[in-house]
Amino acid sequence: MPELPEVETTRRGIEPHVAGVKIKELIVRRRDLRQPVSRDIMKLVGCCILGVSRRSKYLLLSIDDGSTLLIHLGMSGSLRVSDPAEEWKKHDHVGITLASGKQLRFHDPRRFGLVLRLKGDPMEHPLLKNLGPEPLERGFTVGHLETVCAGRASAIKVVIMDAKQVVGVGNIYASEALFHAGILPQTPAAQVSKSQVGKLFASIRKVLAASIKEGGTTLRDFLNSDGQPGYFKQRLFVYGRKGEPCRKCGTSICHEVLGQRATYWCPKCQKS
DNA sequence: ACTGGCTCCTGAGGGC
DNA sequence: TGCCCTCAGGAGCCAG
């Protein structure tokens with residue numbers, strides 16, 4: 001599932017192929033994604049893509065007519081640069097043919113993704129307006145995380161996964177960051193000590209930064225593949241390792257569903 | 001303002 | 001080998 005590092009890797013991967021390039025043709029094969037693909041997307045034909053930015057797990061292609069093409073990969077989506085003549089795979093829902101002779105294809109088996117054309121300031125759009133700070137940028141600070149935790153009864157894992165507080169901490173990295181910070185995922189956020197919050201802050205950044213670095217190398221050839229993950233497996237300390245020995249102390253890793261999400265922790269390394 | 005639960009969807013994986 | 005069942009999961013939305 002594309003987490004923040006993969007979305008960023010995708011952004012870096014497609015940008016050189018699309019920035020400054022004109023859209024020649026748009027092909028929508030399935031419209032029923034999480035929200036229907038924008039009806040007015042055809043207006044983009046003849047327009048030029050200025051650049052690709054990212055906010056949270058949303059990709060934003062800025063268009064020279066002042067609009068923005070918003071793409072979210074959901075949990076099974078991918079973008080790849082292909083040859084227009086390439087056979088369409090099952091679940092290739094949208095194709096953007098470029099004047100360069102390439103074609104950007106949006107592929108999403110579970111259709112949790114989005115392809116929307118936004119008019120006006122994209123940051124004012126409801127999907128983007130109330131998002132918390134980017135974890136790797138200056139807006140995310142220890143002080144911010146302390147404020148977010150203060151007075152909240154919810155489990156710390158649920159809180160750090162809340163995009164209104166901080167974006168981009170997906171289910172995998174939430175478990176991983178809490179492991180590295182030595183905090184039990186179930187701990188009510190308000191009960192996490194100041195020093196623990198400091199450790200958690202550092203862990204979130206470290207885990208995400210390391211993963212972006214990893215994604216950059218392992219998904220290097222994603223333009224020719226379907227970009228499926230699996231590359232980070234060896235780096236995971238707890239996620240998906242129920243019953244397996246902790247990489248630090250050997251204790252069996254625990255698993256429980258918390259906030260409707262699979263959650264993993266080491267009962268010895270992590271305390272409330 | 002919070003909090004927890006439901007929902008969309010398909011493929012993977014386990015059990016038999 | 002094959003079928004059926006369950007589960008995973010981002011994130012918006014809604015009800016309490």
Side-chain angles (χ1 to χ4, degrees), chain A residues 1-11 29-38 54-60 70-79 88-94 106-116 118 122 124-135 147-177 185-192 204 208 211 215 225-230 232-233 236 238-244 253 255-264:
Chain A
M1 62 302 304
E3 295 255 5
L4 187 80
E6 277 171 281
V7 178
E8 177 58 23
T9 302
T10 298
R11 189 195 71 74
R29 298 171 86 230
R30 267 200 93 140
R31 198 168 282 281
D32 54 336
L33 306 181
R34 189 170 103 212
Q35 285 180 34
V37 173
S38 297
R54 180 187 58 74
R55 176 74 175 102
S56 186
K57 294 176 188 170
Y58 294 94
L59 289 167
L60 295 95
L70 183 79
I71 299 177
H72 194 284
L73 302 177
M75 62 163 291
S76 61
S78 60
L79 279 173
W88 286 74
K89 290 185 195 164
K90 192 182 181 184
H91 307 305
D92 279 352
H93 304 311
V94 178
F106 175 78
H107 177 91
D108 185 9
R110 296 188 191 176
R111 312 210 309 280
F112 277 19
L114 289 176
V115 178
L116 297 175
L118 311 183
E124 288 303 311
H125 189 275
L127 289 170
L128 303 177
K129 198 175 178 178
N130 299 310
L131 293 173
E134 291 287 329
T147 306
V148 156
C149 290
R152 289 201 61 176
S154 301
I156 185 67
K157 174 165 178 270
V158 173
V159 170
I160 61 174
M161 286 179 66
D162 181 352
K164 288 195 289 293
Q165 316 306 333
V166 55
V167 302
V169 184
N171 195 42
I172 293 171
Y173 296 115
S175 279
E176 293 298 304
Q186 300 84 346
T187 313
Q191 285 178 31
V192 177
I204 288 171
L208 288 174
S211 185
S225 75
D226 59 4
Q228 287 307 301
F232 45 69
K233 277 271 181 190
L236 297 181
V238 289
Y239 185 85
R241 301 192 63 245
K242 179 187 180 182
E244 292 175 42
I253 298 299
H255 163 266
E256 164 185 302
V257 174
L258 183 68
Q260 289 89 240
R261 296 289 175 272
T263 303
Y264 301 85

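Just so it is clear: chains get the letters A, B, ... in the order the sequence lines come, proteins before strands, and each one is counted from 1. Computed from heavy atoms alone, side chains included, the values below leave out hydrogens, waters and symmetry copies.
Classification of the His91(A)-His107(A) ring pair by plane angle, with boundaries at 30° and 60°, yields perpendicular. Under the 30°/60° scheme for interplanar angles, the aromatic rings of Phe106(A) and His93(A) are found to be tilted.
Checking side-chain atoms of Thr263(A) against main-chain N and O of Arg261(A) turns up a donor-acceptor pair under 3.5 Å. Glu134(A) places no side-chain N or O within donor-acceptor distance of the main-chain N or O of Arg55(A), the cut-off being under 3.5 Å. No donor-acceptor distance shorter than 3.5 angstrom exists from the side chain of Arg110(A) to the backbone of Met75(A), with no hydrogens or angles considered. Of the possible polar contacts, none joining the Arg31(A) side chain to the Leu33(A) backbone as a donor-acceptor pair under 3.5 Å is found. Glu3(A) contributes a side-chain N or O that, together with a main-chain N or O of Gly170(A), makes up a donor-acceptor pair within less than 3.5 Å.
In this structure, Leu116(A) atom CG and dG10(C) atom C1' are separated by 15 Å, rounded to whole Å. Rounded to whole angstrom, the span from the CG atom of Leu127(A) across to the P atom of dG12(C) amounts to 6 Å. Residue Met161(A) contributes atom CE, which lies 13 Å from atom P of dA8(C) at whole-angstrom precision. Between the P atom of dG10(C) and the CG atom of Asp162(A) lies a distance of 13 Å, rounded to the nearest Å. With rounding to whole Å, Leu114(A) atom CG is found 10 Å from dG12(C) atom C1'. For the pair Gln165(A) CD and dA1(B) P, the computed distance is 13 Å after rounding to whole Å. Lys164(A) places its NZ atom 10 Å from the C1' atom of dC13(C), with the value rounded to the nearest Å. Residue Tyr173(A) contributes atom OH, which lies 14 Å from atom P of dA11(C) at whole-angstrom precision.
Among the heavy atoms of the strands, none lies under 4.0 Å from Ala163(A). Residue contacts shown for Leu33(A) are absent, as no nucleic acid heavy atom lies under 4.0 Å away.
Of the side-chain N and O atoms in Tyr58(A), one or more sit less than 4.0 angstrom from OP1 or OP2 of dG12(C).
Classification of Arg111(A) and Asp32(A) as a salt-bridged pair holds, one side-chain N sitting under 4.0 Å from a carboxylate O.
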Practice problem: Going 5' to 3' through nucleotides 4-11 of chain B, assign each nucleotide B (protein heavy atom under 4.0 Å from a base atom), S (under 4.0 Å only from sugar-phosphate atoms) or - (no protein heavy atom that close). | Solution: SBB-BBBB

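Residues Arg54(A) and Leu4(A) have side chains in contact (heavy-atom distance under 4.5 Å, counting atoms from C-beta outward).
One axis for each end of the helix from dC2(B)-dG16(C) to dC16(B)-dG2(C), each built from five base pairs, and the angle between them comes to 50° at 10° resolution.
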